Amino acid sequence: MAAGRPPPGAPSSAQHDDLLLDFGNEQPYYSGGQRSTLNDDDLLRLHSDDAQGAAQPRPSVSYDDFIGSGQTTQQTATRPIQPAPGATTGGGPTSPYPDSRSLDRHFSQTSDLGNYQRYAEDFDDYPDESTTSYYQHGGSIPPDSAAARDSARQRNSVLSMGGGLIGRAKSMLGMGSEGYSEMDLPLTDPRSTAPVDHSHEPPPQKPTKKFDFKFGFGGGKPDPATLGPRIIHLNNPPANSLNKYADNHVSTAKYNVATFLPKFLFEQFSKFANIFFLFTAGLQQIPGLSPTNRYTTIGPLAVVLLVSAGKELVEDYRRKQADKALNMSKARILRGSTFEETKWINVQVGDIIRVESEESFPADLVLLASSEPEGLCYIETANLDGETNLKIKQALPETSSMVSSSELSRLGGRIRSEQPNSSLYTYEATLTMQAGGGEKELPLNPEQLLLRGATLRNTPWVHGVVVFTGHETKLMRNATAAPIKRTKVERQLNTLVLFLVGILLVFSVVSTVGDLIQRKVEGEAGLAYLYLDPMNGASAIARIFIKDMVTYWVLFSALVPISLFVTIEMVKYWHGILINDDLDMYYDVNDTPANCRTSSLVEELGMVEFVFSDKTGTLTCNMMEYRQCSIAGIMYADKVPEDRIPSIEDGIENGIHDFKQLQKNLESHQSAQAIDQFLTLLAICHTVIPEQAEDGSIKYQAASPDEGALVDGAVQLGYRFVARKPRAVIIEANGQQLEYELLAVCEFNSTRKRMSTIYRCPDGKVRCYCKGADTVILERLNDQNPHIDATLRHLEEYASEGLRTLCLAMREIPEHEFQEWMKVYEKAQTTIGGNRADELDKAAEIIEHDFYLLGATAIEDRLQDGVPETIHTLQEAGIKVWVLTGDRQETAINIGMSCKLLSEDMMLLIVNEENAEATRDNLQKKLDAIRNQGDATIEMETLALVIDGKSLTYALEKDMEKLFLDLAIMCKAVICCRVSPLQKALVVKLVKKYQKESILLAIGDGANDVSMIQAAHIGVGISGMEGLQAARSADVSIAQFRYLRKLLLVHGAWSYHRVSKTILFSFYKNITLYLTQFWYTFQNVFSGEVIYESWTLSFYNVFFTVLPPLALGILDQFVSARLLDRYPQLYNLGQRNTFFKIRVFGEWIINAVYHSIILYVGGSLFWINDGPQGDGFPGGKWVWGTAMYGAVLLTVLGKAAMVTNNWTKYHVIAIPGSMAVWIVFVAVYGEVAPKLNISVEYFGVIPRLFTSPSFWIEMPTLAILCLLRDFAWKFSKRLWRPEAYHHVQEIQKYNIQDYRPRMEQFQKAIRKVRQVQRMRKQRGYAFSQADESQTRVLQAYDTTQHRGRYGEMASSRPNQ
C-alpha cells in the first residue's frame, strides 16, 4: 500500500469504494491520520443540547499543527507600531487562522480588530502604567495610574455582571446566567449560541436556563471566556493583583468545607432507603403510635451517615494530600533582578519564571527566551495530547535575547491576551513593549505558548511570563469536576428498596384492614378489654386507619435493613484496602502500590464490558530502542534468539547475525560498502541536535523518539554523530572525524512519508540519503537492487513482531544534475502565495529517484511489561478494548498489532475521510456489508475499526453518532487516533448514552486522559512518567497497565460477587425475621402487638447478624485468584449480572417467606397453648417468642454457612460465634435488664426458657427443616444444571490438571504463520517524525560554538 501516492498501476480507491475491507492497495493502510478541524469550544457547542436542535455550522480551521506550528499569526495592531531599529516592515507569512468573522465561534478573547468589547477603557488611556516596570519604581506604581485603574474597575464591576441590580437579584435567586466557577468545565458546561456579528455587538453570554437554581449567594464570577481580553502587566505585580486573577492552587478534591455537607447529604439522600429511614424515624417520634422505641431507627441511621461521612472524608483527604504535593512543587520566580525559589501555589499571573530541563510548567506561559538559538525550545506534550514527538516552540525575536535576569527585570510592557478557554491548540494575544522610545505591538500565537502539563525537554532552561494559572489554565479547563458516580448495583438496589417499601405498604394495609374488620366482627363488647377507641362515623374510622397505618409502617419498617448500607460501606472500604495492599499490584521500581481512591465503585470492576485506553504511557513506555536491521539482505540484531543462529542451508545463509558480526562485516565482507553507507545515513540524515557535556559525553536532543533511537543505534555500531553546523554535520567513524556538507533538506511530512538530505561527502561526491516508508522507497529504486526480496521478507518479520520499520536508500547525484536541481529547489524555497510546501514537494520528487536500497531498520516502541498478555486476557473475558490516542494512525495500528489488540486474522475497517458526507458513506457501506452478508463469511470477532480525529468529529454528530456506534460495537477492537482530550470523553459518553446496561472503564496516564477517565463509570489512572494528573482524578490508580488484569478479573469479580451476596443475604435475614411478626398479627387480632422484645429486635442487625454479611462481603472467594486469572471467561458472570438479577433477588425473597412460614408455624406448634410448663404455668408469649427468635437466628446463620464458599477463622467467629453471642446475651441481659427496669418483658423468662427441652430442640429442628430445601436445591442444581464456575470450583477443590498449554502453543504457531501471510498482503510502515520545519532548526544550530555566560547558545544565522 502506498503511503502518499499509489504505486504505478495501482487501482484508485474510488473504483473500490464499495468494498468493506481496506486490505488491498486501494486505501493507505498506514496513514498519519488527521486531527479534528474543530477546537474544543466548537466541539462543545456541537454536542450541546440546544433547544432548537439545529445543526451548527462547521468551521474549517485546522489546528493539527498549532502546537509547535512554524507559522505565525499576523495581526493588525490597534495603534501605530514603531519598528525597532533594524526591524523589517515587510509582509510576514499569512496567518493560519481564517478570517475570524467567518467562523461560528466566540472570538471575544481575541485581540484582532472588532472582535471584542473592551474589558476596560483605561488601558489605552494610561499606557505609561503598563509599559513601566514595577521594579524600576522601587516597588511602587505611579499613584495617578492606580487611581485611574480603580476608576475603570469600578465601571467594569457593574457592566461585567451584565444587568445592574436586577441582574444581581436574578443571580442571587439562581435565575440569571450560569456563573463561572474555577472548575467550570467543558464537558459539563456546553455553550450554544447563534452566530452573531462580533464587530458590532457585545461579548456573547452563556444562555440562561429558567429555574436553574444554584446553591450559594450571588451568581459567582462571570466566565472569563465571555469577557474581553485580559491585560497582563510585565514586572508589575501590584497592577496584576488588582485584576484578582485566579491563583495557581489546583484541587481535584470532591469536597471543601462549604460544600461537604450539602453534597454529602444530597448524595446520601439520593438513595431511597435513606429517605425511607428518615421518614420512618420521623413517624417514630409521634407519641402513642410507635410500637417500638423512638430511637431504634434514627440511631442506626445516624451511625450509617457518620460511617459514610468518615469514609468520604478519608478518601477526600487523600485527594487533598496528592493535590498538596503538586501545589508545593518548586518554582523559580523573578523578584527584582534575581530568581527566587518558591512554590507552585505562589505563582501568579504576570510573574516571569524560569523552568529548567525535565521540569513541568507550573502554569500557562508565554515564552520569552531560552538557552537555545533564536529562542527555540523543545517541549513534550504527551501528557496533554498523547503525541510522542517533542514540539518545537520559539520565542519572539524581540525577547529571545533576554537571557539574563537583569535584562528581564527591566522588561516593561503588557500582554493583551485572550481569556481562559479549553482549546489546547489556539492562542491569540499581543505583546506591547517599549522599542526605540515608543511602543511596539507584537503578535503572539500558539508557537509562544507553553502549557501547564507539558514538560521541558532537551533545553537547559526557558524564561516565560505567566498568562493563566490554576483552574484557568488550558489543562484544567479541559478537566472535569470530580463527578458523583453511582454503581449499577446501587441503582438496582434503589429499585429493590422501592419494591420492599411497596411490600411494606401492602402489609400495613392488610393489617390495618384486618384490624377494622376484626373490630366490626367482634364489636365493641367483644374487644372491651382492649379499651379501643369507638368507631362512630367515617372520621373515627379514618383516624383509626391512619393510626394503624403508622403503627404497622413502623412495626414492619425493618423489612428494609438499615444495617445493609453501613455494611456495604464497610465491605467496599475493606475491598479498597485489599486492593491497596495487594503485592501483586505493587510496582517496586518506583515504589508505587495500587490506590483505590473511590471504594464505592469496587463492584463495578467486576462488570466492565468496555475498556477505553490511552496509548502513550499507558500501553507503551514511550521509549524507543534500536533492535534490528537488515543491510544488503542480511539480518542483524542486538540479541539473537537461539533458534535463529546463522546457518548455511543449500548454499544459502539463513538466520540472524549479532551486531558484533556487523562490525566485522564492515571490514571485509562484500556488503561492507553498503554497511558503511547505511550507518552513515543513520548518523547524518536526521534533525537531531547533539549537546556535548563537560565530560565529553554527548546527549542527543531529538524531537522524535524514533530519530533519537536511530542515532543511538548508529553510535552503538561505531558511527558517532558529534556536531552540527548550519551547513554541515560532523561524525566520527572508523577512528576518524568526517565532515559532511549539507546542501539541501527535503523535509518529512505525512504526505511524503520520507525525509531526504543531500550532502557533499568527504570524498567530494554529492549523495542523496533517504529514509521513509517501505512503499514510498521501493517505488523509487533503480533496476540494480538485488536485495529487495530479502529486505521485504525481513520487513514482514519485523512487522509481525510489532517493530517500527523504516527503509533506507541512497544515490550518487552527478554534479551537473545537482546544480540544475538546486536552481529548481531554490526557486521553490522562495515561492510566495501559500503553495511553497507543494512546490518543495515537487522539487523533491525530481531528485528522489533511482535509489539504491541499503536496507531497513527495526525500532521497538517498548510496550509496558505484560501489555499483550493483559489485552489478550481481557478480550478472552469478553471485554472490548478501545484505544483512544492523540498519536498518528500508523503508530497506533503498529502498537495495536504488537500489543495483541489487533491480531493477524483481523479485518481492519479504516475510516479516514475529509468531510461529513464521505464519512457517512464510508460508515454506512461498511455497516451494510456486515449486516447483509448472506454466507456469514465475516466473523464479528475478526473486525477492528480504525478512525482518525477528523472523521471522528463528523461521526460524533447527532445524526451520525448511532451509525458510528453500531459499527464500532460490532468490532472486537476500535482504535481512534489523532483525537483531542475532549473527543476521548465524547466517545466514552456516546457509548454510555446508547449502551445503558454496559459498564465502561477508562484508563490513562496523562492530563489529556482526565476527561475520559471521569466520563466513564470507572476511571483508572496510571501513576506513570507523565505526572499524576490522571491518577489523582481517577477512582483507582495503578502503576502498570498489566495490573488491570488482576484488578478486574480477580478483585473486580470478587467484589461484585461479595457485594451481591452481602445485599441478598441482608435482605433475606431481615425478611425472614420480620415476616414472622407479620404472621403474628393474624393471631393477635391485628392489635399491633410485637412478638419479640424491642431492644433484642434492634440488636438483631446491630450485633447478632452483623458479622456474617461482613465475613461474606470481605473474605468470601467463590473461585481462587489463580483460577479466575486462568479462566477469564468467568468474568462474564459479572457482565451478565448473574448474581444480582431481579430473578435472583426474587428467589431469595421467596426463600425468606418460605423460611418465615416454617419458623412461625413450627414455633407455634412447639409452644402450643402458650407452652404449659412442668409446674403448670404457661410459658407465655415472651418465652415462645424468644425461642422463635433463637430458631430464626440459627436458620439465618445456617443459611450464611451454606452460601459461604471458603472457611477461615473469621467465618467461624462470624457465624457460629454470632449464635454463641446471642445465647450468652439473652442469658445475661434477660436476668440483669429487668432488675434495672429495662426490658421488663424478660422478667422471669430466662429460667423457664433455658430449662425447657422444647427450646433446645426447637432451634436445630426448625433450622434443619428450613435449610433442607436449600440443600436439596443446591445439590440438584450442581448435579443436573451446573454453572461454569461450578466446574471451576471442582477443579479448584480436587486440584485437577489443565492440559490447555499444549493447545495454546500450537495455536500460537498457527497465528505466527498467518501473521506473516497477512503482512505480505499489506505493507506499510510505522515511524514517528515531527511534521515541522526541520530546516529552520538545522540552520539555527552550531554546536561547535560554546555556550555563553548564562548557558545560552547563540544563533548561527547571520545578523542574529
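Since the model is a prediction, treat every value here as computed from it, not as a measurement.
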key: salt bridge (Lys or Arg N to Asp or Glu O under 4.0 Å) between Arg754 and Glu845, worked out   = CA-CA 11 Å; Arg754 62 192 181 280; Glu845 285 283 353; 2.9 Å; yes

Checklist entry - Could you walk me through whether Asn665 and Gln661 pass the side chain to side chain donor-acceptor pair (under 3.5 Å) check? => result CA-CA 6 Å; Asn665 289 353; Gln661 184 62 43; 2.9 Å; yes

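Using modelled atom types and a 3.5 Å distance limit, the side chains of Arg724 and His686 yield a donor-acceptor pair. A donor-acceptor contact closer than 3.5 angstrom is absent between the side chains of Glu358 and Thr455. Inspection of the Tyr769 and Gln677 side chains reveals an N or O donor paired with an N or O acceptor under 3.5 Å.
Between Trp461 and His463, the two ring planes are parallel [angle under 30°; tilted spans 30° to 60°]. Under the 30°/60° scheme for interplanar angles, the aromatic rings of Phe818 and Trp821 are found to be tilted.
Put simply, the residue from Lys765, Arg760, Arg767 that forms a salt bridge (Lys or Arg N to Asp or Glu O under 4.0 Å) with Asp763 is Arg767. Results of the salt bridge (Lys or Arg N to Asp or Glu O under 4.0 Å) test with Glu848 over Arg811, Lys771, Arg752 single out Arg752 as the only residue that passes. With respect to Glu860, the side chain to side chain contact (heavy atoms under 4.5 Å, CB included) criterion is satisfied by exactly one of Arg804, Gln628, Arg627: Arg627.
Nearest heavy-atom pair, Leu450 versus Val462, reported as atom, atom and distance to 0.1 Å: CD1-CG2, 4.3 Å. Nearest heavy atom pair, residue Ile656 against residue Tyr636, reads CG2-C, 3.9 Å. Scanning both residues, Phe721 and Pro690, for their nearest heavy atoms gives CE2-CD, 3.5 Å. Summarising the geometry of Tyr626 relative to Asp638, their closest heavy-atom pair is O-OD2, 4.2 Å, with the distance given to 0.1 Å.
Between atom CD of residue Gln394 and atom CG of residue Leu367 there is a gap of 9.0 Å, rounded to the nearest 0.5 Å. Atom CE in Met624 sits 10.5 Å away from atom CG in Leu710 (nearest 0.5 Å).
Counting heavy atoms from C-beta on, the side chains of Leu781 and Asp850 never come closer than 4.5 Å.
Residue-environment remark: CD (Gln819) exceeds the threshold of 12 foreign heavy atoms within 6.0 Å.
The pair Glu839-Lys842 meets the salt-bridge criterion, since a charged nitrogen lies less than 4.0 angstrom from a carboxylate oxygen.
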